[in-house]
Amino acid sequence: MSLTLNEELQLLKESADGFFAEKSPVSDLRDLRDREDEVGYRADLWQDMAEMGFVGILLPEEAGGADFGYVGAGLVAEAMGRQLTASPFLAHSVVAASLLKALGDEDRLGALAAGDELYTVAIDEGPRFDLAGTKMTATQAGGGYTLSGLKTFVPDGHVADHILVVARTSGTAGETDGLSVFQVDKGAKGLIADRTIMADSRNWAKLSFNATPATLVGTLDGAYSAVERATDLANTVIAAELLGIAEECLTRTTDYLKERQQFGVTIGTFQALQHRASHLFCEIALTRSAVLKALQTADEGGPVGWFAALAKARAIKSAELATNEAIQMHGGIGMTDEYDIGFYIKRARPLAHLYGDYNVQADRFAALSGY
Amino acid sequence: MSLDEFRAEVRDWLEVNCPASMRTPMASFDEACWGGRHFEFASDDQRLWLERAGEKGYTVPTWPKEYGGGGLSKDEAKILAEEMKRINARPPLVSFGIWMLGPALLKFGSHEQKLEHIPKIARGDIRWCQGYSEPGAGSDLASLRTKAEDKGDHWLVNGQKVWTSYADKSDWIFCLVRTEPDAPKHEGISFLLFDMESAGVSTKPIKLISGYSPFCETFFDDVTVPKGQLVGERGKGWTIAKYLLTHERKMIGDIGAPTPLSQLAREKLGTEGGQLEDAMLRSEIARHEIDAAAFMFTVQRATDEAKAGASLGAFSSALKYVGTELNKDRHEKLLKIHGSEAFEWEGQFSRDGAVAKDWLRTKANSIEGGTSEVQLNIISKRILELPDR
Ligand SMILES: Cc1cc2nc3c(=O)[nH]c(=O)nc-3n(C[C@H](O)[C@H](O)[C@H](O)COP(=O)(O)OP(=O)(O)OC[C@H]3O[C@@H](n4cnc5c(N)ncnc54)[C@H](O)[C@@H]3O)c2cc1C
């Protein structure tokens, strides 16, 4: 398959880039942060995104989705990365949609596509992504289940209407067998959702469950591969968002190099800076190829783990370099809160941790390559 | 003919025409067929494979039929490449004519020049070398001083080139010469072709740190060159020189799909529970292979974009820079896999120091064809459009 965008996707890219540049520039995130907005995203933007077809981008047309696949979702995520758009897109439209599809659940797809009620997924229980290490247990109670324990780093966890929770129904921590997915609804008994304010000023939450009623989604005990597939697929889209962040940092930095004067010349004439910027350009070019390849592979429907690990690892590395270099080449102004560039580094790092940082990806890449 | 029919035809043709011994991997480029008047074929099969592929134009699949090429579309050429890869077929011919001169001649040469030279490149009859660098003109290539004086019916060439790869094994040279001594440095250069057997041409091999001796000093002492052997316009050779370099860079940067480091490490060191035991080495290899895979997809993306009509342009500098730096890194990792044995220089065990010598040879990758620093300069200027001083 050609590693290029066809005409339809090229149009989607242009409309996504234009849409987010106009509707949610970085100043929006700053505004949400400064107002200490409790919802953490703009509802009217979410509405507009639904109208554009972005909310149901991964879902089939029968369910009311736009069915643009992962390449399409990646283009939207990349555009959002450039503008640091605060939105439940990743939690709802990407992770929850991927998980429900992987579980073979058809019932909720219509609601997902509409986006009136928000979905998210809760996996982590500590500071590292470790799916097989899931400890939280579900207890059978009456005809259903209850959950007790703590989930962390849940994207949009405090605003979600429905939380898809990964919990153990048999086996012990460390085993891949014995995991199941449950739905818990907002306001359920014993559920406390604490928003965690993090460096990126975005929506993360700690959720604590205390004998909280939960409904099983999909089959009992066998959810590991579905959750793994969903996080792999999500990682391809996260990689695209990180790519957008890296790209935007490069653009803003080269613009600054062409404008800032020192020693009577523009600083972009200094070769030390030219070479660093050019090296960064190359790094990002490699990442763009790996990300597109992973997104295309995701759409082909076959095994995606190796490609997702590759793309995510590359994207994390490029975003780390780009955000660091951006600050350095901006000098003192890059360190000021008033200047936007700092928002990028503060988003790139926590995002890298969602479903596994560089080392997690590199380890998985090696294991799937047979060493 | 549909592409599927074409594939079937190519498959049949390869089955009949590619000798079995040419379907084994090459240990190094030294085993490749370089062609030329004085080439010593390693085997009859090697000669046969060149003759058959040359006749069909499959040595240069996309070049026009009229000049001895295969006349294939890019899609067809991709199929040919896939089918060759499927049976592990070696390239029938590798040469500077294919990688560098051919594309430049096809773009800038006259019909007569193409008729004269392209078929001989395609058949491997003539081996070419590249006369660009001089003692005083390396990265600053345009400051070259080898001169060609207009003597009415011929050019008279005097001067010296250096680092001329395979000059002592080549039949002809494509050479940058100064024809307009008073013009600004980029404007007085012309692109000249001549026979290395011409009176007044001499070469002196230079030995590399790797022990290999692939290149020479090349001297021109009153060499007479017919007027018709200047390509393009007089004084406009710089444009051709740069165009040729984009092809050279793409070639040098394209490390292909070498045996994965991880496979070599597994073979040499074994695994424990499916993993390399040395956790630090495993992690270094993973880092490298992640970048190498991303690079491979980038070469593919650039090829696909070119097929869709975009021009590669200065992006060839990015591919050259990344590809060569990665290749150097790959060989550093190979040393770690082999431990102290990597440095054996002589003897059967080490195949006469293949690991060490190949490692040292890669250090030239980021120098030849324009250094890494020069590539970064080009990216700054032409892609990022950063200002000049
Ligand atoms: C194995 C090998 C094969 C070769 N084959 C051929 C051949 O067949 N034909 C041919 O014509 N040439 C050939 N070359 C020559 C090659 O193209 C030159 O070596 C190369 O262009 C660098 O020139 P130089 O060696 O004079 O180094 P210099 O230009 O002197 O460079 C020295 C150092 O200074 C740096 N530098 C120079 N200018 C700048 C700048 N503007 N900004 C930043 N840094 C700079 C360089 O990057 C390098 O690190 C070959 C070289 C090698 C090693």
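Chain letters run A, B, ... following the sequence lines, proteins first, then strands; residues in each count from 1.
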Pick whichever of [options] has the most heavy-atom pairs under 4.5 Å with chain A.
options	value
B:Lys307, B:Gln300, B:Glu272	B:Gln300
B:Glu325, B:Glu305, B:Lys381, B:Glu373	B:Glu373
B:Thr303, B:Asp291, B:Leu276, B:Ile290	B:Ile290
B:Asp388, B:Asn377, B:Ile378, B:Ile383	B:Asn377

Checklist entry - Top residue by heavy-atom pair count (under 4.5 Å) with chain B, among A:Leu286, A:Thr269, A:Asp363, A:Val291? => result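 Ranked by heavy-atom pairs under 4.5 Å with chain B, first place is A:Leu286.
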Item to check | Which of A:Ala285, A:Ala362, A:Ala277, A:Ala290 touches chain B most, by non-hydrogen pairs under 4.5 Å | outcome: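 Looking at each option in turn, the highest pair count goes to A:Ala285.
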Checklist entry - Is the shortest distance from a Lys or Arg side-chain nitrogen in A:Arg252 or A:Glu248 to a carboxylate oxygen in the other one below 4.0 Å? => result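 Counted as a salt bridge, because a side-chain N and a carboxylate O are separated by less than 4.0 Å.
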Checklist entry - Using 4.0 Å as the upper bound for N to carboxylate O, is an ion pair formed by B:Arg249 and B:Glu368? => result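 Salt bridge flag = no for B:Arg249 with B:Glu368.
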What part of [X] gets within 4.5 angstrom of chain B, counting heavy atoms only: side chain, backbone, both, or neither?
X	result
A:Thr266	side chain
A:Ala311	neither
A:Tyr371	both
A:Gln271	side chain
A:Tyr358	side chain

Item to check | Test log, rule side-chain contact (heavy atoms from CB on, under 4.5 Å), inputs B:Met251 and B:Lys320 | outcome: CA-CA 8 Å; B:Met251 184 278 294; B:Lys320 202 264 173 189; over 6 Å; no
Checklist entry - So with a 6.0 Å cut-off around CD of A:Glu7, is the heavy-atom count from everything else above 12? => result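 For A:Glu7, atom CD is not crowded (no more than 12 foreign heavy atoms under 6.0 Å).
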Checklist entry - Is it the case that more than 12 heavy atoms not belonging to B:Met280 sit under 6.0 Å from its CE atom? => result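 Incorrect, the count does not exceed 12.
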Under 4.5 Å from any heavy atom of chain A - which part of [X]:
X	value
B:Glu385	both
B:Arg266	side chain
B:Gln375	neither

Checklist entry - Are the aromatic ring centres of A:His330 and A:Tyr339 under 6.0 angstrom apart? => result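 Yes.
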Item to check | Candidate pair A:Cys282 and B:Ile379, rule side-chain contact (heavy atoms from CB on, under 4.5 Å), full reasoning | outcome: CA-CA 9 Å; A:Cys282 294; B:Ile379 295 164; 3.6 Å; yes
Item to check | Six-ring centre of A:Tyr355, A:Lys312 cation under 6.0 angstrom, axis tolerance 45° | outcome: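 Geometry flag: not set, cation outside 6.0 Å or 45°.
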Checklist entry - Under the salt bridge (charged side-chain N to carboxylate O under 4.0 Å, His left out) criterion, do A:Arg82 and A:Glu78 qualify, and how do the steps go? => result CA-CA 6 Å; A:Arg82 288 215 176 84; A:Glu78 189 184 327; 3.1 Å; yes
